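All remarks here apply to the structure that follows.
Just so it is clear, the structure is predicted and the values come from calculations on it, not from any experiment. Numbering of ligands and ligand atoms starts at 1, following listing order.
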Amino acid sequence: MLNFAANLSFLFPTQAFPDRFAAASGVGFKACEYLFPYDYEPDEIQGLLEKSGLKQALFNLPPGDWNAGERGLAAIPTRVQDFAASVETALRYAEATGCQNLHIMAGNADPQSTAMQDTFLSNLSHAAVRLHDAGITALIEPINPTDMPGYFLTEVDQALGIIDAVAAPNLKLQYDCYHRAMVGKDVIAGLELAGDRIGHIQIAGAPGRNEPGTGTLDYAPIFMRLQAMGYDGWIGCEYRPAGKTVDGLNWQAGWV
Ligand SMILES: O=C(O)C(=O)[C@H](O)CO
Ligand SMILES: [Mg+2]
């Protein structure tokens, strides 16, 4: 069996964010993830988790000014202090919610820039130490350039090189199957390449980012490989429902 977590930034889009927790629990999810909890106080989020019975599988560190186009701070040389503060903010929410996985977004940066690469490595080392003490896994995620033009991290092997260079026991890969497919790479080969460096997985149909199985990406062999690998972490359902969320869950049949 596989462990699917509802991504509340994508699923139940017609409902207010606080109502999505009960909606996810109501259709059988046991955990949730989302991009950012920061519009609410930590104890508000903790209350929504308690009322819905959901576990908190993952959320992201504060990304900077998202509406102004920022997509993370970790590789930005001029934002090192802001990045350190973002780690402390995320820690407060992780401790309130029991979340053990935090996604660290790199930002819009040139991967060829030595300064940005060095900043990313240094910030990840700092964050890994701070999060390790709290039993939290830090994650970095390659994101395809069509969905996020200019983002620093686009390829699995690039991310694995960074993970190996930082060499922190709690720095792992957030493996988003959708992004892997959207850069034209084989999803199962990527799973095998990353192996136990994977800390979290996300899924969506590719192309289109609707339910798994829409588009051309066949998830049955991917789910079988995850079972064969003994992957027992969360699999974030980070897709845009083609219709009502509740009407598009039949792809889970046989895997939960
Ligand atoms: O874009 C994605 O796939 C993510 O998972 C990031 O956390 C948010 O952009
Ligand atoms: Mg993702």
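In this structure, Tyr93 has its ring center closer than 6.0 angstrom to the ring center of Tyr38. Remark: aromatic rings of Phe152 and Phe120 are close, center separation under 6.0 Å. Between Tyr40 and Phe17, the distance from one ring center to the other falls under 6.0 angstrom. Remark: aromatic rings of Trp66 and Phe36 are close, center separation under 6.0 Å.
Under 2.8 Å from the Mg ion (ligand 2), one finds the following protein N/O/S atoms: Glu141 OE2, Asp176 OD2, Gln202 OE1, Glu238 OE1.
Taking every heavy atom of Asp176 and a limit of under 4.0 angstrom, the matching atoms of ligand 1 come to 3 (O). Of all the atoms in ligand 1, the ones that sit under 4.0 Å from a non-hydrogen atom of Leu35 are 7 (O), 8 (C). Those atoms of ligand 1 with a heavy atom of His179 less than 4.0 angstrom away are 1 (O), 2 (C), 3 (O). Atoms of ligand 1 found under 4.0 Å from any heavy atom of Asn60, numbered from 1 in the order shown, are 6 (C), 7 (O), 8 (C). Each of the atoms 1 (O), 2 (C), 3 (O) of ligand 1 lies under 4.0 Å from some heavy atom of Arg209. Near Glu238, the atoms of ligand 1 lying under 4.0 angstrom from a non-hydrogen atom of the residue are 2 (C), 3 (O), 4 (C), 5 (O).
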Output, in order, the C-alpha distance, side-chain angles, deciding distance and verdict of side-chain contact (heavy atoms from CB on, under 4.5 Å) for Glu41 and Gln46.
CA-CA 9 Å; Glu41 289 304 310; Gln46 194 279 335; over 6 Å; no
Derivation and outcome, side-chain contact (heavy atoms from CB on, under 4.5 Å), residues Gln56 and Ile45
CA-CA 10 Å; Gln56 185 67 59; Ile45 300 287; 4.2 Å; yes
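Under the ring-ring contact (aromatic ring centres under 6.0 Å, His included) test applied with Phe4, the options Phe29, Trp234, Tyr239, Phe223 reduce to a single match, Phe223.
Protein heavy atom nearest atom 4 (C) of ligand 1, with residue, atom name and distance: Glu141 OE1, 2.9 Å. Protein heavy atom in closest approach to atom 9 (O) of ligand 1: Met148 CE, 3.4 Å.
In this structure, Gln174 has a heavy atom closer than 4.0 Å to ligand 1.
When atom types are taken as modelled, the side chain of Thr119 and the backbone of Ala115 share a donor-acceptor pair closer than 3.5 angstrom.
For Arg209, the CZ atom is densely surrounded, since the number of other residues' heavy atoms within 6.0 Å is greater than 12. Under a cut-off of 6.0 angstrom, the local environment of CD in Glu141 is crowded, with over 12 non-hydrogen atoms contributed by other residues, nucleotides or ligands.
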